[in-house]
Amino acid sequence: MTAHPRPAFDPWDPAFVADPYPAYAELREQGRVRYFEPTDQWLVAHHADVSALLRDRRLGRTYRHRFTHEEFGRTAPPPEHEPFHTLNDHGMLDLEPPDHTRIRRLVSKAFTPRTVERLGPYVRRLARDLVSGLVEAGGGDLLTDVAEPLPVAVIAEMLGVPEADRAPLRPWSAEICGMYELNPSQETAARAVRASVEFSDYLRGLIAERRKNPGDDLISGLIAAHDEDDDRLTEQEMISTCVLLLNAGHEATVNSTVNGWWALFRHPDQLAALRADHSLVPFAVEELMRYDTPLQLFERWVLDEIEIDGQVIPRGAEIAMLFGSANHDPAVFADPERLDLTRRDNPHISFSAGIHYCIGAPLARIELAASMTALLEKAPTLRLAAEPRRKPNFVIRGLEGLAVEVG
């Protein structure tokens, strides 16, 4: 009986999820675009194409600003998923101009560089405290002891969520983000809907409280934000913005932290160089995000017919831009499969590009640098205690945990 080779790109295969980068190399060699029938998407794997398409206004995160579901040849989501889509579809990540322009402008009035800069000392102090706890215990799970609590606490602090209310934030976020995987199950969708309702209800109450008693927090800033025409965010836009800031603001940071340290443990020469020279930290943050990208795939709808390398892609199609592949494209990165913490020319697209470039990228970089610096300074003998298990998710790439020892 003839054995058939395993399809290279298979986002449901644990072997592919564990290491998708060889399959990406094969995809890039096959051409600039390829149709993938299981998800009804066109895969784009080259850095130049992904970078250009992220800026191409013929594509959109949504089509509802121009077409009905029927006009676009798509089926409306099931009515029982409505709470998730209401929450998701009012966030600026899934909007196009003019709504995206208006909301991003208003959010930027509250989420300023000064806001991020003011959080710096809090981020660094919290990172040191979390790492100190890990060291005192002689080790633990880097995911649950440092990587998760740091960005969740920072976003909660920024939004003004009281400490007593913070426990559900991470579970809510994880359940909502399950819907971003390819072809999510009914169970995943049900959990996402439930979390959307609970998170929205909580934020609605917090916004009402901040209207009565404004504070020095981002929610108060979002309430007060207005432009020269006195245009303001609606309550739903504020709720969706807060959820987006939490989801995007900590998923990437959490997964970059554990993916990054797992990569460092597998490259002891690079870890030794970093321990010997902490000035490499900013470059290490960028290189680790490139090397094992936390968001592997980003989807766009084709609003107006486009052509890629002679292949016409019609209106109504969906394009899947493979960030992980783009970040390993040898046309852009010298020796891309090599982890190189001294890499200077590093135009990775882990934070996306164009109008949907991550508004929280400066804060994410502060958090990643703070936790890395604290671990280098306070846990210089940090080592792997057990081989980690990769999460089964493909789109949002992370680990189930990362057991470490100190001392």
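Below, each value reflects all heavy atoms present in this structure, side chains not excepted, and no hydrogens, waters or symmetry copies. Residues: numbered from 1 along the sequence shown. Here the structure is a predicted model, which is why all the values come from computation and not from measurement.
With sequence neighbours left out, D145 forms a salt bridge (charged side-chain N to carboxylate O under 4.0 Å, His left out) with no residue at all. Residues that satisfy the side chain to side chain contact (heavy atoms under 4.5 Å, CB included) test with V332, not counting sequence neighbours, are H47, P347. Scanning for salt bridge (charged side-chain N to carboxylate O under 4.0 Å, His left out) contacts around R343 gives E287, with sequence neighbours left out. Take E405 and apply the salt bridge (charged side-chain N to carboxylate O under 4.0 Å, His left out) test, not counting sequence neighbours, and it matches R383. In terms of the side-chain hydrogen bond (donor to acceptor under 3.5 Å, both in side chains) criterion, residue partners of D292 (sequence neighbours excluded) are, by chain and number, Y21, R390, R397. The ring pair (Phe, Tyr, Trp, His ring centres under 6.0 Å) search around H356 returns H100, not counting sequence neighbours. By the side-chain hydrogen bond (donor to acceptor under 3.5 Å, both in side chains) test, R266 is found to be paired with no residue, residues two or more places apart in sequence or in another chain being considered.
Judged by distance alone, the side chains of Q236 and S240 do bring a donor and an acceptor atom under 3.5 Å apart. At a cut-off of 3.5 Å, with distance as the only test, no side-chain donor of Y180 or E251 sits close to an acceptor on the other residue. For the residue pair H69 and Y63, a side-chain donor N or O sits within less than 3.5 Å of a side-chain acceptor on the partner. Counted by atom type alone, N247 and S173 present one or more donor-acceptor pairs between their side chains at under 3.5 Å. Under the 3.5 Å distance criterion, with hydrogens and angles disregarded, no donor-acceptor pair is assigned to the side chains of S200 and R204. Side-chain contact check for T144 and E148: no donor-acceptor pair (N or O, by modelled atom type) lies under 3.5 Å.
Taking 4.5 Å as the limit, some side-chain heavy atom of R211 sits within range of a side-chain heavy atom of I207. Here the side chains of L363 and I155 are in contact, with some heavy-atom distance below 4.5 Å. Proximity of D89 to L95: side-chain heavy atoms (C-beta onward) are nowhere separated by under 4.5 Å. In this structure, L59 and L303 have side chains that are not in contact, with every pair of non-hydrogen atoms separated by 4.5 Å or more. Residues L375 and L142 form a side-chain contact, since some pair of their non-hydrogen atoms from C-beta on lies under 4.5 Å apart. Taking the side chain as every heavy atom from C-beta outward, L54 and S51 never approach each other to under 4.5 Å. By the 4.5 Å heavy-atom criterion applied to side chains, L402 and W261 are counted as neighbours. V116 places none of its side-chain heavy atoms less than 4.5 Å from the side chain of L119.
Note that R315 lies outside the cation-pi zone of F72, set by a 6.0 Å cut-off to the ring centre and a 45° limit from the axis.
Shown here for Y24 and F16, the closest heavy-atom pair between the two residues is CE2-CZ, 4.2 Å. When every heavy atom of R34 is checked against every heavy atom of Q30, the shortest pair comes out as NH1-OE1, 3.6 Å. The minimum heavy-atom distance linking N183 with W12 is given by the pair ND2-CZ2, 3.8 Å. Contact between A284 and L274 at its shortest, heavy atoms only, is CB-CD1, 4.1 Å. Closest of all the heavy-atom pairs between A225 and L106 is CB-O, 3.5 Å. P11 approaches L182 most closely through the heavy-atom pair CG-CD1, 3.7 Å.
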Expected list for residues 121-130: side-chain donor-acceptor pairs under 3.5 angstrom, two or more places apart:
none

Report all side-chain donor-acceptor pairs from residues 185-199 shorter than 3.5 Å, counting only partners two or more places apart or in another chain.
| unit_1 | atom_1 | unit_2 | atom_2 | d |
| --- | --- | --- | --- | --- |
| S185 | OG | T188 | N | 3.1 |
| S185 | OG | T188 | OG1 | 3.0 |
| E187 | OE2 | R191 | NH1 | 2.8 |
| S196 | OG | A192 | O | 2.7 |
| E198 | OE1 | W172 | NE1 | 2.9 |

With a cut-off of 3.5 Å and sequence neighbours excluded, list every side-chain donor-acceptor pair involving residues 320-327.
| unit_1 | atom_1 | unit_2 | atom_2 | d |
| --- | --- | --- | --- | --- |
| S325 | OG | R28 | NH1 | 3.0 |
| S325 | OG | A45 | O | 2.7 |
| N327 | OD1 | I349 | N | 3.0 |
| N327 | ND2 | T293 | OG1 | 3.0 |
| N327 | ND2 | S350 | OG | 3.1 |

task: Could you give me the CA-CA distance, side-chain angles and deciding distance for I359 and M92, then say whether side-chain contact (heavy atoms from CB on, under 4.5 Å) is met?
output: CA-CA 10 Å; I359 196 171; M92 57 186 167; 3.8 Å; yes
- request: Could you give me the CA-CA distance, side-chain angles and deciding distance for R66 and E71, then say whether salt bridge (Lys or Arg N to Asp or Glu O under 4.0 Å) is met?
  value: CA-CA 9 Å; R66 287 182 52 184; E71 289 170 340; over 6 Å; no
message: Under the criterion side chain to side chain donor-acceptor pair (under 3.5 Å), I'd like the reasoning laid out for R338 against H267: C-alpha separation, chi angles, the key distance, then a yes or no.
response: CA-CA 10 Å; R338 181 168 65 92; H267 296 83; over 6 Å; no
- request: Applying side chain to side chain donor-acceptor pair (under 3.5 Å), run through D217 and S220 and close with a yes or a no.
  value: CA-CA 5 Å; D217 55 75; S220 299; 3.1 Å; yes
message: V302 vs I319, test: side-chain contact (heavy atoms from CB on, under 4.5 Å). Steps then yes/no.
response: CA-CA 7 Å; V302 179; I319 287 181; 3.9 Å; yes
- request: Please assess Y291 against Q270 for the test side chain to side chain donor-acceptor pair (under 3.5 Å), listing each intermediate value before the final yes or no.
  value: CA-CA 13 Å; Y291 184 77; Q270 293 296 297; over 6 Å; no
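Identified under the ring-ring contact (aromatic ring centres under 6.0 Å, His included) test for residues 303-322, with sequence neighbours left out: none. Within the structure, the ring-ring contact (aromatic ring centres under 6.0 Å, His included) test picks out no pair touching residues 147-171 (sequence neighbours left out).
H46 places a side-chain N or O within donor-acceptor distance of the main-chain N or O of G31, the cut-off being under 3.5 Å. Formation of a donor-acceptor pair under 3.5 Å by the Q296 side chain with backbone atoms of I396 is not found in this model. Without hydrogens or angle criteria, R32 side chain to I308 main chain gives no donor-acceptor distance under 3.5 Å. The closest donor-acceptor contact from the side chain of N259 to the backbone of N255 lies under 3.5 Å. Remark: the backbone N or O of F283 is not paired with any side-chain donor or acceptor of R344 at under 3.5 angstrom. With H250 contributing its side chain and L246 its backbone, the two residues share a donor-acceptor pair below 3.5 Å.
With a 6.0 Å radius and a threshold of 12 heavy atoms from other residues, nucleotides or ligands, E305 has its CD atom above the threshold. Heavy-atom contacts from other residues, nucleotides or ligands closer than 6.0 Å to CZ of R114 number 12 or fewer.
Between the CG atom of L87 and the CG atom of D94 there is a distance of 10.0 Å, given to the nearest 0.5 Å. Atoms CG and CE, from D216 and M158 in turn, are 12.5 Å apart once rounded to the nearest 0.5 Å.
A salt bridge is defined here as a Lys NZ or Arg NE, NH1 or NH2 lying under 4.0 Å from an Asp or Glu carboxylate O, and E96 with R61 fails to meet this definition. Salt-bridge annotation for E237 and R232: absent, with no side-chain N of the basic residue lying under 4.0 Å from a carboxylate O of the acidic one.
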